[in-house]
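Taking it in order: structure first as structure tokens, then the write-up.
The structure displayed is predicted, hence computed values, not measured ones. When reading the values below, keep in mind they use all heavy atoms of this one structure, side chains included, and skip hydrogens, waters and symmetry mates.
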Amino acid sequence: MRYLDKGMPAAEDKRNIRRSYGLYAVFSISAMMNATQGYMLSHFIDYYQLEPSMQGMIGSIQSLGCIIALLFAARLTTYMSKQRQITLSAICIIILAAAVGFLPVFPVLLLLYAVFGLMFGVQNAGTSALIVDLHDETHLPRYMCFLHGVFGVGGLVAPLIFMLLEFVLHRWNHVYWGAALLFAALFAVYLSLYDGFFEGRNQAIAPQQNPLRKNQRIFFRRRENIMLLISALCFGGHQILISLWIKRYIFVTFEAEFLSTLALSLFWIGNAASRMLSPQIKLSRLKMILFGNLGAACVLIFAVVMQSALIATIAALFVGLLNGMTIPLLLTTSALWNPIDSNIAASAPLLCIHTAQFMTMLASGFIVSLLSLAGCLSVSAILAACSAVAFLTASLQKKSVSKERSQQNII
């Protein structure tokens with residue numbers, strides 16, 4: 001992480017760097033708990049004897065909880081500091097992990113994952129907003145990309161850790177108890193690095209100084225913000241479609257079981273690498289999002305046209321590498337365009353992304369039945385291109401508004 005410190009001169013900046021590392025530690029808890037549903041799904045199906053119609057309920061209920069949390073994230077900040085939200089949500093996730101290990105009845109299990117979805121939404125918005133608060137315009141992109149890169153790496157490493165825990169503890173449900181201990185260790189790292197939890201409402205928004213409704217009206221009146229949110233919606237749909245169907249496309253179309261599993265892993269590896277490495281790329285956010293998503297769309301279309309399992313597997317890696325950094329760059333852009341309220345700036349794009357993913361998950365089966373698996377990936381490519389065009393439109397609108405304001409100031 002040493003490269004993150006480059007160019008940071010002041011003592012307060014060093015304190016903010018330390019706090020950022022603390023946020024990375026606590027966000028890893030959400031990343032690893034989020035990975036449990038995929039790793040444990042087969043165990044849940046066997047233990048609870050789930051019918052096919054019920055097998056996606058855990059992921060759906062978690063996503064719904066996350067969306068609800070993001071809807072009220074800005075309002076919650078008027079009553080409780082962002083750091084206190086993050087701290088309490090981390091404690092709740094540790095307790096939830098331990099509770100799932102007792103294998104409660106299925107409705108209670110769904111309730112626990114719904115609560116985790118709520119806590120995940122709180123952490124997602126809170127950590128992103130605090131990164132905005134801690135760093136200036138020059139350094140914000142690298143820290144935001146690294147935050148979401150850590151989430152990606154956590155999701156990749158978690159299954160390996162769970163596999164080791166299952167081998168050591170002998171029973172699959174005991175993995176949750178081992179995970180809870182690991183989460184507690186990460187939480188201790190967070191507390192040691194991010195001081196000031198008992199400073200009270202130090203980071204809460206005082207309603208009389210920054211009225212929430214006024215800030216929301218300002219945010220949604222700006223045309224560039226609307227186009228940025230449309231870009232986030234399109235990208236959310238693109239990402240969930242490829243992550244849901246690239247594995248099955250390769251497996252069903254080419255009967256290549258190993259390559260199908262490898263393709264999905266490579267896609268998420270590419271995403272994590274893109275987020276970690278993008279701060280080192282000397283291109284503007286506009287160029288990275290525009291060329292990255294248009295490039296990803298072209299790669300996906302090429303893979304579909306070529307009808308090759310190997311090409312589709314390699315394409316999954318390149319799609320992740322090309323546009324994996326889109327989410328942190330959208331959040332960074334939203335924060336820089338709307339400095340008046342970091343929580344609204346962070347939660348609004350995240351809400352659009354998670355809502356698009358939830359709705360696309362519900363509709364993806366219909367899309368596949370209507371268009372085929374190859375057609376589903378083509379829709380994913382179209383959405384990536386739409387995300388790029390929407391962000392280009394937002395940037396041009398922002399440039400036009402900034403030019404008008406500068407001319408008015410001259411007059």
Side-chain angles (χ1 to χ4, degrees), residues 31-32 34-60 62 152-167 172 175 237-274 296-324 357 360-381 383-384:
M32 298 181 71
N34 183 60
T36 59
Q37 58 165 306
Y39 182 84
M40 295 295 182
L41 183 58
S42 296
H43 292 303
F44 285 143
I45 292 171
D46 294 338
Y47 182 80
Y48 292 103
Q49 299 182 340
L50 299 178
E51 298 294 330
S53 60
M54 299 294 290
Q55 292 174 8
M57 283 294 292
I58 295 175
S60 297
Q62 178 187 312
V153 171
L156 288 170
V157 173
L160 301 177
I161 296 174
F162 297 155
M163 190 183 303
L164 177 62
L165 288 173
E166 190 171 359
F167 175 77
W172 64 269
V175 169
H238 152 74
Q239 190 180 62
I240 199 67
L241 279 177
I242 187 172
S243 62
L244 282 176
W245 296 108
I246 187 67
K247 180 179 179 180
R248 185 157 180 79
Y249 167 71
I250 296 173
F251 179 75
V252 172
T253 306
F254 309 108
E255 298 182 349
E257 183 176 1
F258 172 74
L259 287 179
S260 68
T261 302
L262 180 62
L264 185 59
S265 298
L266 289 176
F267 172 70
W268 289 115
I269 289 171
N271 265 272
S274 176
C298 292
V299 168
L300 263 180
I301 294 296
F302 178 76
V304 171
V305 170
M306 293 303 294
Q307 289 286 299
S308 165
L310 180 60
I311 290 177
T313 302
I314 297 171
L317 172 64
F318 276 93
V319 170
L321 286 170
L322 285 167
N323 69 0
Q357 291 177 345
T360 306
M361 275 194 292
L362 295 179
S364 60
F366 173 75
I367 296 172
V368 170
S369 63
L370 185 67
L371 299 175
S372 78
L373 289 166
C376 193
L377 294 182
S378 299
V379 171
S380 179
L383 288 172

**OP:** Among Met40, His43, Met163, find the one that has a side-chain contact (heavy atoms from CB on, under 4.5 Å) with Val175.
**Re:** Met40
**OP:** Enter the distance from Ile269:CD1 to Leu264:CG here, rounded to the nearest 0.5 Å.
**Re:** 10.0 Å
**OP:** Specify the closest pair of heavy atoms between Ala273 and Leu321, including all atoms of both residues, with the distance to one decimal.
**Re:** CB-CD2, 3.9 Å
Original post:
Gly320 and Ser274: which non-hydrogen atoms are nearest, and at how many Å?
Top reply: O-CB, 3.4 Å
Original post:
Between the side chain of Ser378 and the main-chain N/O of Ala374, is any donor-acceptor distance below 3.5 Å?
Top reply: yes
Original post:
Of the non-hydrogen atoms in Ala296 and Val319, which two are nearest, and what is the gap between them?
Top reply: O-CG2, 3.8 Å
Original post:
Any idea which heavy atoms bring Gln307 and Val304 closest together, and the distance?
Top reply: NE2-O, 3.1 Å
Subject >> Approximate separation, where rounding is to 0.5 Å, of Cys376 SG and Phe366 CZ >> reply: 12.0 Å
Subject >> Plane angle bin for Trp172 and Tyr47 - parallel if under 30°, tilted between 30 and 60°, otherwise perpendicular >> reply: perpendicular
Subject >> side chain to side chain donor-acceptor pair (under 3.5 Å) against Ser243, all qualifying residues, sequence neighbours excluded >> reply: none
Original post:
Is there side-chain contact between His238 and Leu300, with heavy atoms separated by less than 4.5 Å?
Top reply: yes
Original post:
What's the shortest heavy-atom distance between Gly324 and Asn271, and which atoms?
Top reply: CA-OD1, 3.2 Å
Original post:
Can you tell me how far the OG1 atom of Thr360 sits from the CD1 atom of Ile367, to the nearest 0.5 Å?
Top reply: 6.5 Å
Original post:
Under 4.5 Å between any side-chain heavy atoms of Leu259 and Phe254, yes or no?
Top reply: no
**OP:** Answer whether the closest heavy-atom distance between the side chains of Tyr39 and Glu166 falls below 4.5 Å.
**Re:** yes
Subject >> Distance in Å, Trp245 CH2 paired with Ser372 OG, rounded so as to fall on 0.5 Å steps >> reply: 11.0 Å
Subject >> Greater than 12 external heavy atoms within 6.0 Å of Glu257's CD >> reply: no
**OP:** Could you check Gln239 against Asn323 for side chain to side chain donor-acceptor pair (under 3.5 Å), going step by step and ending with a plain yes or no?
**Re:** CA-CA 9 Å; Gln239 190 180 62; Asn323 69 0; over 6 Å; no
**OP:** Look at atom CZ of Phe258 and say whether more than 12 heavy atoms of other residues, nucleotides or ligands are closer to it than 6.0 Å.
**Re:** no
Original post:
How long is the span from the CG atom in Leu310 to the CD1 atom in Ile250, to the nearest 0.5 Å?
Top reply: 9.5 Å
Original post:
Looking at CG of Leu377 and CD1 of Ile246, how far apart are the two atoms once the value is rounded to the nearest 0.5 Å?
Top reply: 5.0 Å
Original post:
What are the two closest non-hydrogen atoms of Gly237 and Leu383, and how far apart are they?
Top reply: C-CD1, 3.7 Å
Original post:
Is Phe318 atom CZ crowded by more than 12 heavy atoms from other residues, nucleotides or ligands, each under 6.0 Å away?
Top reply: no
